[in-house]
Amino acid sequence: MPSSEPSSHSSDALDKRVALRSSVDGNVSLRTLDSVRDEVAHGIALRTILKARAVEGIKISVYFTFSKRDDDCFLRHVANIIRTRLPTRHLFALATTGAPSPSSLTNANTLVITGSDDDDVQSAVLLASSKFLGRIVSLTNDGDLMSAAIEDIGASSYDSAALWDVLHKSVRAPLDRLVPPPGSRSTLQLIDAARAKLQRVTPQQAWDILHDPTHPIPAFLVDIRSAAERARSGGIHGSLIIERNMLERRFDPRCEDKLAIADRYDLRIIVYCEDGWASSLAAASLHEIGMWNATDIIGGFQAWKAVRLPGQVRPPSTESKSASLEGFSQISGVSD
């Protein structure tokens, strides 16, 4: 769970604290359930404010807390405290996570989006509705506050990242359609950033790695081009054919769709495309899932043909039934 207050998961624990006694000026006073809940609400409001980020001068924050009795009422109370303590422009998302309260009529968790500007909240409502498509059980929109019953919110890291993205996009200033948005990067910048992570190889270096019996780790040549590109230009016998849209899933050891050979993180995966552009982005993406030895061929398949390397490489020493989903390249367009 992305973040939560260090309290008990169950609201029953809160009920047990009703009878807590505190000594003030020598007098013993009885604390009520409402006073304890109010204290917890103030604590959550403060932590939500403290973890806020500034986007163009507007504070945004996402906070998850364990499910409590009457989640909707509780989170609305937290939102009211935030608005009292933070008079400046803001947009916050508050959600309960974990097993829903037994008293919940929807058997779902609660998400509240609150802000100082109605337009910000309405933008966030639209974006959140698309992010959590199919999971929203009910929704109440009060203009400056939205409350929704959502299934299993906070159960995965997606939910926190999605909410941060919703808030960030909702408070951005209107964009000039001819000016690149702040934080965006051009294609060349993306390529440069990707290649900065790689130890790229020439076609000859790739050939040497694939045919070096002393190479300390398994090496695989992977063709990520589309079927149309392979039919038009040819290919290299012995390379694994895994089209770009399946690459990460096939080589992620944590993924159910992985190849049997993807059982370790030090594999030397050498990716190639037609000209060496898409392959750089693909290899960098493999780094993101932990395949730090992944790289690509400078110039791609066209460079391989240009230096007149053979149209066949030694097949991977470890084959698997899963690999046959993509198969090995059976097309060679490399002329002698």
Side-chain angles (χ1 to χ4, degrees), residues 191-225 229-230 233-255 257-336:
I191 292 289
D192 287 343
R195 289 175 175 172
K197 300 177 181 179
L198 310 176
Q199 292 179 302
R200 305 185 74 208
V201 295
T202 64
Q204 185 62 59
Q205 289 171 325
W207 171 271
D208 293 340
I209 291 170
L210 293 165
H211 294 85
D212 181 2
T214 65
H215 195 69
I217 54 178
F220 301 96
L221 185 63
V222 180
D223 185 347
I224 63 167
R225 297 173 302 157
E229 287 178 305
R230 297 194 304 272
S233 302
I236 303 170
H237 286 285
S239 59
L240 278 171
I241 298 175
I242 306 177
E243 293 189 11
R244 178 66 189 89
N245 64 322
M246 294 295 294
L247 184 66
E248 292 85 356
R249 294 169 61 184
R250 294 306 190 214
F251 279 108
D252 183 358
R254 291 161 289 199
C255 181
D257 295 327
K258 69 180 179 182
L259 298 174
I261 56 177
D263 57 355
R264 50 194 288 180
Y265 285 93
D266 62 347
L267 298 178
R268 185 62 161 159
I269 304 168
I270 304 174
V271 181
Y272 73 91
C273 63
E274 191 69 13
D275 52 17
W277 287 79
S279 59
S280 293
L281 295 173
S285 183
L286 289 176
H287 278 236
E288 295 296 321
I289 63 172
M291 293 296 182
W292 291 355
N293 284 328
T295 190
D296 74 324
I297 294 177
I298 299 171
F301 181 62
Q302 292 303 318
W304 184 284
K305 290 202 300 184
V307 295
R308 304 182 71 82
L309 284 170
Q312 181 168 348
V313 296
R314 186 177 65 183
S317 57
T318 304
E319 299 183 13
S320 70
K321 294 180 180 179
S322 298
S324 65
L325 290 172
E326 285 75 28
F328 297 100
S329 175
Q330 299 299 316
I331 306 171
S332 177
V334 182
S335 57
D336 296 328

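What you see is a predicted model; the values in this text were computed from it and never measured. Numbers here are sequence positions counted from 1.
Looking only at side-chain heavy atoms (C-beta outward), L259 and I242 come within less than 4.5 Å of each other. For the pair L221 and I297, the minimum side-chain heavy-atom distance is below 4.5 Å.
A donor-acceptor pair is defined here as one N or O able to donate and one able to accept, closer than 3.5 Å; such a pair exists between the side chain of W304 and the backbone of P310. At least one donor-acceptor pair under 3.5 Å links the side chain of H211 to the backbone N or O of R314. Under a 3.5 Å cut-off, the side chain of R268 and the backbone N or O of N293 do form a donor-acceptor pair. With hydrogens and angles ignored, the 3.5 Å screen pairs a side-chain donor or acceptor of H287 with a backbone N or O of A294. Not a single donor-acceptor pair under 3.5 Å links the side chain of R225 to the backbone N or O of E243. Here the side chain of R244 pairs no donor or acceptor atom with the backbone of C273 at under 3.5 angstrom.
R195 forms a cation-pi arrangement with W277, by the criterion of a distance under 6.0 Å to the ring centre and an angle within 45° of the ring axis.
Closest of all the heavy-atom pairs between D212 and T214 is OD1-OG1, 2.6 Å. Nearest approach of L267 to I261, heavy atoms of both residues: CD1-O, 3.5 Å. The nearest pair of heavy atoms linking V313 to S239 is CG2-N, 4.2 Å. Summarising the geometry of M291 relative to F251, their closest heavy-atom pair is CE-O, 2.9 Å, with the distance given to 0.1 Å.
Remark: K197 NZ to S280 OG distance equals 12.0 Å, nearest 0.5 Å. To the nearest 0.5 Å, atom CD1 of residue I298 and atom CG of residue D296 are 7.5 Å apart. Remark: L240 CG to R250 CZ distance equals 11.0 Å, nearest 0.5 Å. Taking CG of D223 as the start and CD of E229 as the end, the distance is 8.5 Å to the nearest 0.5 Å. Rounding to the nearest 0.5 Å places CD of Q205 at 9.5 Å from OG1 of T295. Rounded to the nearest 0.5 angstrom, S279 OG and I191 CD1 are separated by 8.0 Å.
Other residues, nucleotides and ligands place more than 12 heavy atoms under 6.0 Å from the CD atom of Q204.
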Assess the residue pair E248 and C255 against the criterion (side-chain contact (heavy atoms from CB on, under 4.5 Å)); give the C-alpha distance rounded to whole Å, side-chain angles, the decisive distance to 0.1 Å, and a yes or no. CA-CA 9 Å; E248 292 85 356; C255 181; over 6 Å; no
Apply the test side-chain contact (heavy atoms from CB on, under 4.5 Å) to residues L309 and I236: give CA-CA distance (whole Å), side-chain angles for both, the deciding distance (0.1 Å), then the verdict. CA-CA 10 Å; L309 284 170; I236 303 170; over 6 Å; no
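Looking at D252 and K258, no side-chain N of the basic residue comes within less than 4.0 Å of a carboxylate O on the acidic one, giving no salt bridge.
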